[in-house]
Asks: 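Following this message is one structure expressed as C-alpha cells.
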Protein chains: 2
Amino acid sequence: MDQGAGVPVDPPIWDIIELLYFAYRDFVGDPDSVLATFGFGRAHHRVLHFVTRNPGLKVAELLDILRITKQSLARVLKQLVDEGFIEQREGETDRRQRRLFATPKGEALALRLATQQTRRIRRALAELGPEGHAQARRFLVGMINAGGRDEALHFVDQVTGVPRRR
Amino acid sequence: MDQGAGVPVDPPIWDIIELLYFAYRDFVGDPDSVLATFGFGRAHHRVLHFVTRNPGLKVAELLDILRITKQSLARVLKQLVDEGFIEQREGETDRRQRRLFATPKGEALALRLATQQTRRIRRALAELGPEGHAQARRFLVGMINAGGRDEALHFVDQVTGVPRRR
DNA sequence: CATTTATGTCAGCCATGTTGACATATTTCG
DNA sequence: CGAAATATGTCAACATGGCTGACATAAATG
C-alpha cells in the first residue's frame, strides 16, 4: 500500500491551491471595469459592500472586518462619502460613533457589482448537484480561521443588509 | 409560489461572495509570516509557486499566468534569483529564452508554504463528504473565466511540477 | 540582411497598505 | 466634577506591488 520512506506524509494539494488563485482572480476582476468608471478600485468595493450589507456599521467594526488601519480606510471612505455613496450618522446612544449607511446610489452600485459576481457563482454552482451551494459554503467556511469563523458567519448570515426599503 | 413583481429575478448570493472574501484572506495570509522572514511578500510567493510547479517555465508564460507586466515581474524575480531561490538557464533550442527553475532552496520554501496552506485545505475538505475534494475542485473550476479555464487546468494538472528528484 | 521575438532595464506614477504622532469630542468612572 | 478611556479623524512619511512609456540587446527567422 504505502510506499514507505521518501513519500511525503501530507503532500500539498496543488490543484486546490492553484484553483483558488485563478478562481479568486477572476471573481474579484469582474467588478473592475464598472468600478473604474467611477474612479474607484477594489478597496472602495470592499468598503461599499460591507456597509451595504450592514447598515449602521460602526467604523471600528468595519476596520475589524477589513483588517486594515483607519488611515487606509479613511482614504477610500472619504471618497465614497464625498461622492454620495455612503453617509455617516451620529450614533443614537453614543454620539462619538459615526454609523455608516449606503445611500440609495451606493446600494445601487453595490447591488450591480454583486449581481455581476453572482452570475459567475451561479454558473459554478450549476455544475454541482442540488447540494452545490451548501457544499461550497461549507468548504469556504472551513477555510476561514477557526477563531474568526463565528464572527464571519455572524456577518454573512445577518439579513439586515438586504436592501431595505426606506 | 412566486411572489410576483418586486422580487429580484436573480438575487445576489451574498453568503458565497462574502465567504470567498474571508476564506481567501485567511488562505493567502498563512504564508505571510514565513515570507516576511525572507523579506518577501505575496508577489514573491506567487512567482516562486508557479516556477516550482512548472520547471523550465518561460518568462512570457509566467507573465501570462500572473497577468502582470514584465516590469512588475522583474522586481520580484530579480530578488528571488539574487538570493538563490530561482535560477535562469538559456533555452536549449532558443537561446533568447531564460527558462526558470526553482533551486533546491526555492523548492524547499515553496513546499513549506504549500504545506501550510494544505493544512487549511485539508481541514476544510474534511468537513465535506468523500467527494469533497472533487466537489470543491469543480466549484473552483467553474468560477474561472470560461475562456481561460482550459489553460488554467492545463497548468493545474501538469505533474512535472511535483518536486522532482534530481 | 532586415525584421521580429524574448527579454531586460530605466524612470516615474498610482493604489493601497503600513507606522507614528497628535487632535477632538464624548462617554465613563473614581 | 474632573480624570481617564474611547471613537474617530488627520497629518506626514514610507513600503509594496501594480502600471505606462521608452529604449537596449541578443538571437531567431524570413
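In what follows, every chain begins at residue 1, and chains take the letters A, B, ... in the order their sequences are listed.
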Asks: Using heavy-atom distances to pick each residue's nearest nucleotide on DNA chain D, tell me which of A/Lys78 and B/Thr93 is more 5'.
Replies: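 It is A/Lys78, whose closest nucleotide lies nearer the 5' terminus.
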Asks: Return the CE to CZ distance between B/Met143 and B/Arg138, rounded to the nearest 0.5 Å.
Replies: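 So the gap between those two atoms works out to 15.5 Å.
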Asks: State whether the side chain of A/Thr103 and the backbone N or O of A/Gly84 hold a donor-acceptor pair below 3.5 Å, judged by distance alone.
Replies: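 Side chain of A/Thr103 to backbone of A/Gly84: a pair is present.
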Asks: Is the distance from the ring center of A/Phe85 to that of A/Phe38 below 6.0 Å?
Replies: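 They qualify: ring centres under 6.0 Å apart.
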Asks: For C/dT18, does OP1 or OP2 lie under 4.0 Å from any side-chain N or O of A/Thr69?
Replies: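 Looking at the OP1 and OP2 atoms of C/dT18, one of them is under 4.0 Å from a side-chain N or O of A/Thr69.
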Asks: Without decimals, in angstroms, what is the distance between A/Arg96 CZ and C/dT28 C1'?
Replies: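 The distance from CZ of A/Arg96 to C1' of C/dT28 comes to 8 Å, rounded to the nearest Å.
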Asks: How many Å lie between CZ on A/Phe38 and C1' on C/dA15, as a whole number?
Replies: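 The answer, rounded to whole Å, is 19 Å.
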Asks: Should the side chain of B/Gln71 and the base of C/dG12 be counted as holding a donor-acceptor pair, with the cut-off at 3.5 Å?
Replies: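 In this structure, the two groups form no donor-acceptor pair.
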Asks: Please classify the nucleic acid contact of B/Gln88 as base, sugar-phosphate, or nothing, using heavy-atom distances under 4.0 Å.
Replies: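 The residue B/Gln88 makes sugar-phosphate contact but no base contact.
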Asks: Would the number of heavy atoms belonging to other residues, nucleotides or ligands and lying under 6.0 Å from CZ of B/Arg112 be above 12?
Replies: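 Atom CZ in B/Arg112 is not packed in, count stays at 12 or less.
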Asks: Whole-Å distance between C/dT26 P and A/Glu90 CD?
Replies: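 Those two atoms, CD and P, are 7 Å apart.
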Asks: Please name all residues satisfying side chain to side chain donor-acceptor pair (under 3.5 Å) with A/Asp15, sequence neighbours left out, ordered by chain then number.
Replies: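 With neighbours one apart ignored, the set is B/His133, B/Arg137.
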Asks: Between A/Lys70 (NZ) and C/dT16 (C1'), how many Å, whole number?
Replies: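 Interatomic distance, NZ of A/Lys70 to C1' of C/dT16: 18 Å.
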Asks: C/dT7 P sits how many Å from B/Leu77 CG, rounded?
Replies: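 That distance rounds to 11 Å.
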Asks: On DNA chain C, does the nearest nucleotide to A/Arg46 precede the nearest nucleotide to B/Glu61 from the 5' side, or the other way round? Give the residue.
Replies: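 Here B/Glu61 is the residue nearer the 5' end.
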Asks: Got a sec, which residues hit side-chain contact (heavy atoms from CB on, under 4.5 Å) with A/Asp26, two or more places apart in sequence or on another chain?
Replies: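 Per chain and number, A/Asp26 pairs via side-chain contact (heavy atoms from CB on, under 4.5 Å) with A/Arg120, B/Arg67, B/Ile144, B/Asn145.
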Asks: Specify the separation, in whole Å, of atom CG of A/Leu35 and atom C1' of C/dC14.
Replies: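 Taking CG of A/Leu35 and C1' of C/dC14, I get 16 Å after rounding.
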Asks: Under 3.5 Å, sequence neighbours excluded: what are the donor-acceptor pairs made by side chains of residues 43-51 of chain A?
Replies:
from    : atom 1 : to      : atom 2 : distance (Å)
A/His44 : ND1    : A/Gly41 : N      : 2.9
A/His44 : NE2    : A/Gln79 : OE1    : 3.0
A/His49 : NE2    : B/Glu18 : OE2    : 2.8

Asks: With heavy atoms under 4.0 Å as the rule, sort A/Arg99 into base, sugar-phosphate or nothing.
Replies: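 Since no nucleic acid heavy atom lies under 4.0 Å of A/Arg99, the category is nothing.
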Asks: Tell me, which of residues 22-34 of chain B have any heavy atom that sits under 4.0 Å from an atom in DNA chain D?
Replies: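 Those residues: none at all.
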Asks: Can you name the nearest heavy-atom pair linking B/Arg53 to B/Val156, along with the distance?
Replies: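 Distance-wise, the nearest heavy atoms are NH2-O, 2.7 Å.
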Asks: For A/Arg75, which contact category applies under a 4.0 Å heavy-atom criterion: base, sugar-phosphate, or nothing?
Replies: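 If one applies the 4.0 Å heavy-atom cut-off, A/Arg75 turns out to touch a base.
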Asks: Rounded to the nearest 0.5 Å, how far apart are CD1 of B/Ile86 and CZ of B/Arg98?
Replies: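 CZ of B/Arg98 is found 14.5 Å from CD1 of B/Ile86.
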Asks: In whole angstroms, how far is the C1' atom of C/dT7 from the NZ atom of B/Lys58?
Replies: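 Rounded to the whole Å, the gap is 12 Å.
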Asks: To the nearest 0.5 Å, tell me how far A/Leu63 CG sits from A/Leu77 CG.
Replies: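 CG of A/Leu77 is found 9.0 Å from CG of A/Leu63.
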Asks: Walk me through whether B/Phe155 and A/Phe22 qualify under ring pair (Phe, Tyr, Trp, His ring centres under 6.0 Å).
Replies: CA-CA 11 Å; B/Phe155 256 94; A/Phe22 290 124; 7.2 Å; no
Asks: Can you tell me the distance, in whole Å, between the CD1 atom of B/Ile86 and the C1' atom of C/dT7?
Replies: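 Atom-to-atom, B/Ile86 to C/dT7, this comes out as 16 Å.
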Asks: So if I take the C1' atoms of five pairs at each end of the helix from C/dC1-D/dG30 to C/dG30-D/dC1 and get each local axis, what angle do the two axes make, rounded to 10 degrees?
Replies: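 Rounded value for the end-axis angle: 20°.
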Asks: Students should find this one: the first and last nucleotides of DNA chain D, 5' to 3', lying under 4.0 Å from a heavy atom of chain B. What are they?
Replies: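 Boundary nucleotides touching chain B, in 5' to 3' order, are D/dG17 to D/dA28.
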Asks: On the ring face of A/Phe101, is A/Arg89 found with NZ or CZ under 6.0 Å from the centre and within 45° of the axis?
Replies: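 Judged by the rule (NZ or CZ under 6.0 Å from the ring centre, within 45° of its axis), A/Arg89 counts as positioned above A/Phe101.
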